[in-house]
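Values reported hereafter were calculated over all heavy atoms of this structure, with side chains retained and with hydrogens, waters and symmetry mates removed.
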Amino acid sequence: MPRRVTIDDVARLAEVHKATVSRALNARTRDQVNAETLKRVKRAARQLGYVPNAMARSLRTSRSMTIGVIIPDLMNPIFPPIIRGIEHVLQAQGYTVLIANTDSHDDVEISVFESLLQRRVDGFLLATGRLDDQSVVEEAAAAAVPVVLVNRDAGLGDFPLVTGDNARGIELALEHLVELGHRRIIHAAGPTNFSTTRSRAEAFEAAATRAGVQHQTIYASALTIEAGVAAADQLLAHNTINPTALVAGNDLVALGLIRRLRAEGLHCPEDVSVVGFNDMPFAGDFWPPLTTVRMPLREIGAEAARLLLRGIEAGEQEAATLTLPVSLVARGSTGPTKN
């Protein structure tokens, strides 16, 4: 059986001290090594086929250098940009990201949390927060493991949260529609147990009241195209204000609304203007191109990862909320009202 290549072998070939090799091959410390030496160490490691012993490093540092990321719906287009932001920050610091998808099932969420905990992850980034179920964050608190909530709150106030400015996003959408002459507007909000839904619905009520427009809020059962279609069915059957504009809980719900309106023979934006929320990838390629509130999704992921790393390094966390600015992207799904 061939002898395992060691850090001493790499140091001899690169003609440096083994401590320099250790720093050069660790993403957290390689910036302490000058570029020429770093290149020489990497070349020697490749030539010898040296693989750092992650297990030994974790025993020395009491860290696994892994982070658990739990998301509710891998098919929702907002999550890939968030994950890219997370990975951009964590991989640069030598961490491996373990991603688990729950499909919004409570039992799956508990199961994957416990599984990741057993793998000794150094912390969690949770994008599954719900106001009516705090079981996972309560387990995290009991396990004394660092956690940062991503995008949605869990209503406990015990953990840091990174999110976009949901209220300001709705205000921007209302201001845009009012400027276009709309005076009858309905908000097709998301599920009521999401903190994002609550923030946006409250902001819609306040902004619409200030603007003096007729308004109403209905709630979709999920943040999906299918739920948007069902919300449009509800709107067509029961609304009392004959809206000229709709503000959706997210871009997928907006697509569902447009799909159902089109089936009813209504055109967007000629008959009804529609605004989405999030500016998910390809929103500008829909027909019509979707006017939407742009959430800084990649930045949300990156800032959440930075907050988690600070908590791991400090050994404690501050339960603060970091709210990132949003903007409105006006496209073809909104236009002047005709009535």
> Is there a path of hydrophobic side-chain contacts, each under 4.5 Å between heavy atoms of I, L, V, M, F, W or Y residues, that connects V112 with V145?
Replying inline: yes
> When clusters are formed by joining ILVMFWY residues with side-chain heavy atoms under 4.5 Å apart, either directly or through shared neighbours, do I225 and Y219 land in the same one?
Replying inline: no
> Do the side chain of N34 and the main chain of E36 share a donor and acceptor less than 3.5 angstrom apart?
Replying inline: yes
> Do T209 side-chain atoms and E205 backbone N/O form a donor-acceptor pair below 3.5 Å?
Replying inline: yes
>> Treating D251 as the side-chain partner and M280 as the backbone partner, does any N or O pair qualify as donor plus acceptor under 3.5 Å?
In response: yes
>> I need the L74 CG to I99 CD1 distance, nearest 0.5 Å.
In response: 8.0 Å
> Taking the side chain as C-beta and beyond, is there a heavy-atom pair between I186 and L235 under 4.5 Å?
Replying inline: yes
>> Keeping S199 on the side-chain end and S195 on the backbone end, is there a donor-acceptor pair under 3.5 Å?
In response: yes
>> Let me confirm one number: the CD-CD1 distance from Q216 to I218, rounded to the nearest 0.5 Å.
In response: 7.0 Å
> Do E202 and R198 have side chains that get closer than 4.5 Å, going by heavy atoms?
Replying inline: yes
>> For the CD atom on E15, are there more than 12 heavy atoms of other groups (residues, nucleotides or ligands in this structure) within a distance under 6.0 Å?
In response: no
> Any idea which heavy atoms bring G335 and P269 closest together, and the distance?
Replying inline: N-CB, 3.6 Å
>> Do T196 and R200 pair up side chain to side chain, a donor and an acceptor below 3.5 Å, judged on atom types alone?
In response: no
> When rounded to the nearest 0.5 angstrom, what is the spacing between OG1 in T128 and CG in L126?
Replying inline: 5.0 Å
>> Using the rule side chain to side chain donor-acceptor pair (under 3.5 Å), only one of R183, K338, H182, Q214 pairs with T244; which is it?
In response: H182
> Out of curiosity, S64 OG to L98 CG, how far, rounded to the nearest 0.5 Å?
Replying inline: 8.0 Å
>> Can you list everything that forms a ring pair (Phe, Tyr, Trp, His ring centres under 6.0 Å) with F124? Sequence neighbours excluded, please.
In response: F113
> Should L172 and L180 be regarded as members of a common hydrophobic cluster, given that ILVMFWY residues are connected when their side-chain heavy atoms come within less than 4.5 Å of each other, either directly or indirectly?
Replying inline: no
>> What verdict does the side chain to side chain contact (heavy atoms under 4.5 Å, CB included) test give for L246 and S273, after you've listed the backbone C-alpha separation in whole Å, the side-chain angles of each residue and the deciding distance to 0.1 Å?
In response: CA-CA 6 Å; L246 308 174; S273 287; over 6 Å; no
> Hey, what do you get for CD1 (I82) to CD1 (I71), rounding to the nearest 0.5 Å?
Replying inline: 9.0 Å
> With side chains defined as the heavy atoms from C-beta onward, is the minimum distance between R184 and H215 less than 4.5 Å?
Replying inline: no
>> What's the separation between atom CD in E109 and atom CG in N101, rounded to the nearest 0.5 Å?
In response: 11.0 Å
> Listed by chain and number, what are the salt bridge (charged side-chain N to carboxylate O under 4.0 Å, His left out) partners of D233, not counting sequence neighbours?
Replying inline: R260
>> Can you give me the closest heavy-atom contact between T292 and G276, atom names plus distance?
In response: OG1-C, 3.1 Å
> Shortest non-hydrogen contact from I86 to L125?
Replying inline: CG2-CD1, 3.6 Å
> Is any side-chain heavy atom of L324 less than 4.5 Å from a side-chain heavy atom of E303?
Replying inline: yes
> Are L307 and V89 connected in a single hydrophobic cluster, I mean Ile/Leu/Val/Met/Phe/Trp/Tyr linked by side-chain heavy atoms less than 4.5 Å apart?
Replying inline: yes
> Does S333 reach the main-chain N or O of V274 with its side chain, forming a donor-acceptor pair under 3.5 Å?
Replying inline: yes
> Does any donor atom in the side chain of T334 or T291 lie under 3.5 Å from an acceptor atom in the other side chain?
Replying inline: yes
> Any side-chain heavy atom of S327 within less than 4.5 Å of one from V293?
Replying inline: no
> What's the shortest heavy-atom distance between H176 and A330, and which atoms?
Replying inline: CE1-CB, 3.8 Å
> After noting the C-alpha distance and the side-chain angles of I67 and I312, does the key distance pass the side chain to side chain contact (heavy atoms under 4.5 Å, CB included) rule?
Replying inline: CA-CA 11 Å; I67 298 295; I312 291 171; 3.8 Å; yes
>> Working note: K39 + K42, criterion side chain to side chain contact (heavy atoms under 4.5 Å, CB included); need CA distance, chi angles, decisive distance, verdict.
In response: CA-CA 5 Å; K39 187 184 300 183; K42 285 185 174 182; 6.0 Å; no
> Would you say V329 and L252 are hydrophobically clustered, going by side-chain heavy atoms of ILVMFWY under 4.5 Å?
Replying inline: no
>> Are L290 and V275 packed together at the side-chain level, in the sense that at least one heavy-atom pair is separated by less than 4.5 angstrom?
In response: no
> Mind checking what makes salt bridge (charged side-chain N to carboxylate O under 4.0 Å, His left out) contact with R294, not counting sequence neighbours?
Replying inline: D279
> Taking V247 as the fixed residue, which of L257, V253, I185 is the one that meets the side-chain contact (heavy atoms from CB on, under 4.5 Å) rule?
Replying inline: I185
> What are the two closest heavy atoms between R152 and P72, and how far apart are they?
Replying inline: NH1-CG, 4.2 Å
> For L261 and D271, what are the C-alpha separation, side-chain angles and deciding distance, and is it a side chain to side chain contact (heavy atoms under 4.5 Å, CB included)?
Replying inline: CA-CA 9 Å; L261 293 172; D271 297 310; over 6 Å; no
>> Quick check: do L48 and L13 have side-chain heavy atoms less than 4.5 Å from each other?
In response: yes
> Does H187 have any ring pair (Phe, Tyr, Trp, His ring centres under 6.0 Å) partners at least two apart in sequence or in another chain, and if so, which?
Replying inline: F204
> Can you list the residues that meet the salt bridge (charged side-chain N to carboxylate O under 4.0 Å, His left out) rule with E171, with sequence neighbours excluded?
Replying inline: R168, R210
>> Restricting to side-chain contact (heavy atoms from CB on, under 4.5 Å), what partner residues turn up for D285, sequence neighbours left out?
In response: F282
> Heavy-atom distance under 4.5 Å between the side chains of W287 and I258, does that happen here?
Replying inline: no
>> Quick check on R331: does its CZ atom have over 12 non-hydrogen neighbours (other residues, nucleotides or ligands) under 6.0 Å away?
In response: yes
> Between D122 (side chain) and M65 (backbone), is there a donor-acceptor pair under 3.5 Å?
Replying inline: yes
>> Show the nearest heavy-atom pair for residues N166 and M295, with the distance to one decimal.
In response: OD1-CE, 3.9 Å
